Amino acid sequence: EPEVTQTPSHQVTQMGQEVILRCVPISNHLYFYWYRQILGQKVEFLVSFYNNEISEKSEIFDDQFSVERPDGSNFTLKIRSTKLEDSAMYFCASSEEFSGANVLTFGAGSRLTVL
Amino acid sequence: GENVEQHPSTLSVQEGDSAVIKCTYSDSASNYFPWYKQELGKRPQLIIDIRSNVGEKKDQRIAVTLNKTAKHFSLHITETQPEDSAVYFCAASGMYNNNDMRFGAGTRLTVKP
């Protein structure tokens with residue numbers, strides 16, 4: 001079964017450092033997403049990406065965040081200057097081109113710990 | 001934007017009993033309602049979904065009902081087993097605004113043997 005893969009599984013960084021989280025969506029999917037889940041809380045939408053540009057972003061996705069699809073397979077989330085409150089699990093997800101419903105497949109997540 | 005409310009936040013049942021989790025949504029344009037199961041430390045996994053053109057869908061011990069008029073939908077798990085213990089999230093998204101999916105706050109289900 002096709003999977004969304006994410007690296008690293010866990011990253012520890014110092015406050016103020018830049019972090020890049022990587023994702024390889026399912027190969028025939030065209031919509032890509034990043035979600036965040038702070039420990040014990042709900043899954044929160046960050047950003048969606050389609051056709052090499054951001055489709056929609058939430059209020060969480062401020063100027064410290066950026067996404068990129070540098071090649072045909074990777075989809076990255078960059079946090080420019082991490083804050084303590086950025087500590088969370090970050091899930092990448094992808095879906096096929098819209099055909100009536102937004103069926104998301106999630107990756108296993110990247111746990112970010114900011115010290 | 002869409003706002004999804006989920007209740008209860010925790011639910012404890014005896015093995016074999018049924019469990020019901022309820023969600024409401026605010027955006028009448030939403031028409032796709034998935035349910036995700038998240039085991040501790042793992043990714044959310046889709047367990048069942050429903051589209052607005054049906055009122056009920058069933059898959060073995062799991063069923064979901066949708067009331068579009070009242071803007072609420074529910075997950076029903078019958079004959080619960082200890083392995084059903086997890087956090088369950090409901091979500092909603094729209095057909096013409098499918099770029100973001102809003103999740104409920106989650107329900108921690110514990111099935112006691």
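A note on names: the letters A, B, ... follow the listed sequences, proteins ahead of strands, and every chain is numbered from 1. Owing to the predicted nature of the structure, the values given are computational and were not obtained by experimental measurement.
Within 6.0 Å of atom CG in L84(A), more than 12 heavy atoms from other residues, nucleotides or ligands are found, so the atom counts as buried in its surroundings. For K57(A), the NZ atom sits in a loose shell: 12 or fewer heavy atoms of surrounding residues, nucleotides or ligands are nearer than 6.0 Å. With a 6.0 Å radius and a threshold of 12 heavy atoms from other residues, nucleotides or ligands, L39(A) has its CG atom at or below the threshold. Within a 6.0 Å sphere centred on CD of E85(A), heavy atoms belonging to other residues, nucleotides or ligands number more than 12. Surrounding NZ of K22(B) are at most 12 heavy atoms belonging to other residues, nucleotides or ligands under 6.0 Å away.
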side-chain contact (heavy atoms from CB on, under 4.5 Å) evaluation trace for L104(A) with Y36(B): CA-CA 10 Å; L104(A) 298 180; Y36(B) 287 87; 3.4 Å; yes
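The most heavy-atom pairs under 4.5 Å with chain A, out of G106(B), A105(B), P44(B), come from P44(B). Heavy-atom pairs under 4.5 Å with chain B were tallied for A93(A), S58(A), A108(A); the largest tally goes to A108(A).
Checked against the 6.0 Å centroid threshold, Y35(A) and F103(B) count as a close aromatic pair.
For the atom pair NZ (K42(A)) and OG (S9(B)), the distance works out to 12.5 Å, reported to the nearest 0.5 Å.
With a 4.5 Å cut-off on non-hydrogen atoms, Q38(B) touches chain A through its side chain but not through its backbone. Heavy atoms closer than 4.5 Å to chain B are found in the side chain of Q37(A), but not in its backbone.
Transitive grouping of hydrophobic side chains (ILVMFWY, heavy atoms separated by less than 4.5 Å) brings V54(B) and I47(B) into a common cluster.
Between L46(B) and F106(A) there is no side-chain heavy-atom pair separated by less than 4.5 Å.
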